[in-house]
Amino acid sequence: MEQEIPEGSVLNQLRLYFNTLQQTGNSYLFVTDMKTGTVLLSDNFVEDFDLPGIVLEDMDKYWLPIIYEGDRNRYTASLKAVFETHVTDEHNLEYRVQYRNGEFGWVNCRGKLARDEDGTPVFWAGVIIKMDQRLRADSVTGLLNRYAMNKTLKDELEASAGCHGAVVIIGLDNFHVIKETYGHHFGDVVLKQIAQNIMNVLPPDILLYKLDGDHFGFLWPDAMPDEMEIIFSSIQLCMREVRDAEDTLYCTASAGAAFYPVDGTESVTLMKYAEAALDMARRQGKDRICFFSKENYDRWRYDVGMQSLMQNCIAKGCEDFMLYYQPQVDAKDGRLIGAEALLRWRDKDETIVAPMQFIPFLEKSRMIIPVGHWIIEQAFATCKEWQKYQPDFLMSINISLYQLEEHMFFPFVEDCVARYELDPHTIIFELTESQSVTDWDFVNQQFQKFHSLGIQIAMDDFGTGYASLGYLKNFACNIVKVDRVFIIDIMRDEYDRNLVKYVIMLCHSIGMKVCIEGVEEKEAYEYLRDECDADLIQGFYFGRPEPKDVFLQRFGAK
Ligand code: C2E
Ligand code: CA
Ligand code: CA
């Protein structure tokens with residue numbers, strides 16, 4: 001009920017003050033006399049919310065119904081902390097209110113209890129601020145957006161120096177499938193239901209935000225990682241409650257969390273880290289929560305960076321890739337008989353990067369397929385050129401399993417053989433151990449096609465990974481390349497010496513040639529030549545991998 005303000009009273013003086021302040025338009029002011037419970041409101045407060053007057057006896061009777069239903073519990077819990085449990089003298093809360101015209105909007109309400117010298121509460125005064133347009137609610141779920149989450153986090157970090165807590169971002173794993181299958185409208189219904197379910201799981205004082213696309217977020221002051229694991233399990237459970245009429249809908253969520261201050265103290269950084277952790281959770285198979293770690297993040301950034309560098313390089317026609325060539329010699333007399341083409345990448349600062357640092361990316365992203373085409377073109381052209389000096393010059397080219405799986409690979413090679421007018425018997429494809437072969441029938445079928453074209457096949461890195469004795473009988477190859485791990489200690493280790501000798505014998509007995517890799521010392525070469533009957537040798541003793549022109553100078557035109 002509206003009251004008269006007694007002349008000369010404090011509330012009357014405050015009224016003048018209110019009228020001056022409210023001209024900013026974005027804020028509503030209130031002050032409650034704690035002795036009487038009488039509330040004084042600014043004029044715009046009364047106007048915008050259609051309240052009975054500027055002085056009210058029972059503010060909550062009018063104000064509670066104006067607060068959006070879903071936010072009322074948070075509101076009463078926050079006031080309870082001030083007036084009943086006395087844990088704080090302050091109230092700082094964001095909630096939705098309904099204006100006189102029926103529209104809902106978010107406000108930030110801040111109140112503070114003013115006490116006299118004895119500590120007795122005198123006034124409860126504060127301001128309700130209309131929240132910035134940018135923080136506006138998401139139209140589907142009604143939740144505040146990313147800006148709002150970022151701002152709240154920033155305020156929290158600035159307000160209390162020693163504060164700690166978690167920034168959590170949730171992403172729906174297969175929401176785009178739901179939208180594509182059931183349509184956008186149904187997608188919105190699901191999104192709304194998911195938002196509601198997650199809110200039900202979160203404590204009333206934790207606000208859920210709707211970020212871009214299918215991402216949600218929340219801030220959890222004082223959180224510990226194990227608490228976040230538990231809350232995420234509840235979220236996983238509530239995701240299972242989202243169902244369509246036929247019970248066919250299936251939606252899971254992944255989450256990423258960053259903790260302040262350990263992971264960072266800047267709101268933007270923390271949000272970015274939580275996103276990165278979410279991306280990690282998705283890469284690890286979805287339906288799980290991942291915590292940010294600097295180490296994982298650095299690796300993730302390196303991966304993402306490398307990926308885009310490789311993409312750029314391919315888009316520019318592989319111009320930053322180069323092929324180096326390492327000589328292969330006849331073990332009997334050391335005569336040059338061919339070379340292995342080895343990929344290099346020239347970094348922006350002109351450093352030559354070794355393949356183990358980037359080939360895994362090319363393989364993982366299947367970029368090895370376009371790069372593989374480029375490699376074959378280059379190596380074929382070089383081979384053709386060098387055959388002018390040495391007509392039977394052999395060119396060995398590394399091929400990863402992914403290339404073999406690509407159905408255009410064989411016709412492409414066939415076309416290259418024709419275009420470069422190469423004798424296919426001078427080409428050797430080395431299958432690298434990029435991925436262990438699971439389907440030998442498929443691999444051998446492919447090899448059979450290359451064999452019938454005339455191309456020879458080598459099993460690379462024999463003795464490591466997949467390439468071991470057991471596979472020799474499965475693998476339809478012409479040449480076995482023995483890995484350098486067996487050669488490193490060959491002059492010091494009798495076991496290795498015997499092993500290499502018997503492997504060579506075994507290969508010869510089944511009609512395969514042997515190339516020994518990693519030969520660096522004269523004694524090792526002599527042993528392999530005199531005692532082992534090796535066919536081919538490749539190693540630093542005869543030459544390191546070199547760019548084309550350097551190779552040509554050393555071994556070329558006589
Ligand atoms: P790989 O096919 O086993 O190639 C032989 C590697 O051993 C080369 O390393 C070569 O520089 C090194 N090497 C040769 N002789 C010696 C020696 O006497 N001592 C020592 N310490 N090392 C020696 P690189 O060029 O770094 O290549 C590493 C791997 O990257 C290759 O191993 C191959 O698996 C892969 N790779 C290189 N080029 C290509 C390519 O064009 N395509 C594909 N798919 N993989 C490639
Ligand atoms: Ca190789
Ligand atoms: Ca090898």
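What you are looking at is a predicted structure, and each value in this text was computed from that prediction instead of being measured. Order of listing sets the numbers, starting from 1, for every ligand and every atom in it.
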| said: Heavy-atom distances under 4.0 Å decide this one: backbone, side chain, both or neither, for D461 against ligand 1? | reply: side chain
Of all the atoms in [X], is at least one N, O or S atom closer to the Ca ion (ligand 2) than 3.0 Å?
{"X": "E340", "answer": "yes"}
{"X": "E517", "answer": "no"}
{"X": "T432", "answer": "no"}

| Just by distance, with hydrogens left out, do T432 and N398 show a side-chain donor and acceptor under 3.5 Å apart? | no
| query | Does an N or O anywhere in E520 fall below 3.5 Å from an N or O of ligand 1? | reply | yes
| Geometric N/O contact L343 with ligand 1, under 3.5 angstrom | yes
| note | One finds that the ligand 1 atoms under 4.0 Å from a non-hydrogen atom of R484 are 19 (N), 20 (C), 21 (N), 22 (N)
| task | Pull out every atom of ligand 1 sitting under 4.0 Å from any heavy atom of M356, numbered as shown with elements. | result | 28 (C), 29 (C), 30 (O)
| query | Quick one: does NZ or CZ of R544 land under 6.0 Å from the six-membered ring centre of F540, within 45 degrees of the ring axis? | reply | yes
| Salt-bridge criterion met for K364 and D303 (N-O under 4.0 Å) | yes
| request: Check each of F540, Y541, F358 against atom 22 (N) of ligand 1 and report the one with the nearest heavy atom. | output: F540
